[in-house]
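Below you'll find the structure, written out as C-alpha cells, and then a few comments.
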Amino acid sequence: MEKIELADTNVKDFAQARRAAVDKAGEVLSRPVIVAWKDDNSGKSAPEIPGGKGDRWHDYGESNEGVLELQVGNVYHFIFMEAEGFVEPDINLASLEDHGVKFLCLNNACTKEDLDKLGYLGGGLGG
C-alpha cells in the first residue's frame with residue numbers, strides 16, 4: 001500500500017482533514033473511495049469493528065482493497081481503494097459531497113453525520 005504523509009497540512013477538524021485527504025487521493029487515484037479512517041484526537045475510527053482494538057480499522061482497510069494510506073497533520077488517517085473499473089457501485093457505497101467536493105466512501109467508513117444526511121438508519125437503508 002502506498003503511504004503519503006501530509007504532515008504540513010494545517011487542519012482544524014476531521015472534516016477539513018477528510019477534504020485534504022480526498023483532494024490528495026484524487027491526484028493519485030482515478031476514483032478514490034474511503035475504506036477506513038482514524039481520528040487520533042477523538043479516538044474514533046471506522047469501520048467500527050465489535051471487539052476490535054488497536055489498529056483493526058487499518059487491518060480492515062488493508063484487507064479490503066486499500067491501496068493508498070494518507071496521514072493528514074499527523075492526527076487523521078485515511079485508507080482509500082480504487083473504484084476505477086467497477087461496473088456498478090456496490091450497495092454499500094455512499095456518494096457524498098463536502099463543500100462542493102464529491103467523493104465516495106464505503107457505508108461503514110462514513111461518519112454518522114454523513115449517514116444521517118443520506119437518510120440511513122442504523123447502518124441500513126432508511127426511508
Side-chain angles (χ1 to χ4, degrees):
M1 178 179 333
E2 181 179 358
K3 295 181 182 181
I4 298 175
E5 293 184 15
L6 303 174
D8 296 335
T9 303
N10 186 14
V11 294
K12 297 178 188 175
D13 57 23
F14 177 84
Q16 285 184 343
R18 183 172 68 181
R19 277 194 296 274
V22 167
D23 287 346
K24 185 63 177 180
E27 295 174 12
V28 178
L29 305 172
S30 299
R31 293 188 65 208
V33 176
I34 298 172
V35 177
W37 58 266
K38 182 180 178 194
D39 175 349
D40 289 341
N41 283 335
S42 69
K44 293 181 181 180
S45 63
E48 291 184 24
I49 300 171
K53 296 179 182 175
D55 287 338
R56 292 285 297 158
W57 72 273
H58 194 275
D59 296 340
Y60 178 89
E62 279 189 311
S63 63
N64 283 276
E65 302 187 44
V67 295
L68 175 64
E69 180 177 351
L70 286 166
Q71 180 176 311
V72 181
N74 298 318
V75 177
Y76 305 97
H77 314 270
F78 301 87
I79 296 178
F80 291 84
M81 67 177 281
E82 173 63 77
E84 186 65 34
F86 282 96
V87 176
E88 291 183 24
D90 187 308
I91 189 72
N92 291 318
L93 193 62
S95 178
L96 302 172
E97 185 171 340
D98 188 6
H99 289 83
V101 176
K102 292 183 180 183
F103 63 98
L104 300 169
C105 73
L106 294 180
N107 287 344
N108 58 6
C110 295
T111 65
K112 181 180 179 335
E113 292 80 14
D114 293 331
L115 295 176
D116 288 346
K117 288 179 194 173
L118 293 171
Y120 285 74
L121 301 172
L125 287 172

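When a residue number appears, it is its place in the shown sequence, counting from 1. This is a predicted model, so every value here is computed, not measured.
- Remark: Leu68 CG to Glu2 CD distance equals 5.5 Å, nearest 0.5 Å.
- Residue Gln71 holds its CD atom at 11.5 Å from CD1 of Ile4, rounded to the nearest 0.5 Å.
- Listed by chain and number, the residues in a side chain to side chain contact (heavy atoms under 4.5 Å, CB included) with Ser30 are Glu82, Glu84 (sequence neighbours excluded).
- Taking CE of Met1 as the reference point, atom CD of Glu65 lies at 11.5 Å (rounded to 0.5 Å).
- For the residue pair Ala17 and Val72, the shortest heavy atom distance occurs at O-CG2, 3.8 Å.
- Between Ala36 and Pro47, the shortest heavy-atom distance links the atoms CB-CD, 3.9 Å.
- Separation of atoms NE2 (His77) and CG (Leu70) is listed at 11.5 Å; rounding is to 0.5 Å.
- Here side chain to side chain donor-acceptor pair (under 3.5 Å) pairs that include residues 7-29, with residues two or more places apart or in two chains, are Arg18-Asp114, Arg19-Asp98, Arg19-His99, Lys24-Glu27.
- Under the 3.5 Å distance criterion, the side-chain polar atoms of Asp55 are left unmatched by any main-chain donor or acceptor of His58.
- Taking every heavy atom of both residues into account, Trp57 and Ala46 meet most closely at CB-O, 3.9 Å.
- Counting heavy atoms from C-beta outward, Ile34 and Val22 have side chains that approach closer than 4.5 Å.
- Rounded to the nearest 0.5 Å, atoms CZ (Arg56) and NZ (Lys38) are 13.5 Å apart.
- Considering only heavy atoms from C-beta on, Met81 stays 4.5 Å or farther from Leu29 through its side chain.
- A pairwise comparison of heavy atoms in Asn41 and Asp39 identifies N-OD1, 2.8 Å as the closest pair.
- Pairs of residues two or more places apart, or lying in two chains, that qualify as ring-ring contact (aromatic ring centres under 6.0 Å, His included) and include a residue from residues 3-47 are Phe14-Trp37, Phe14-Phe78.
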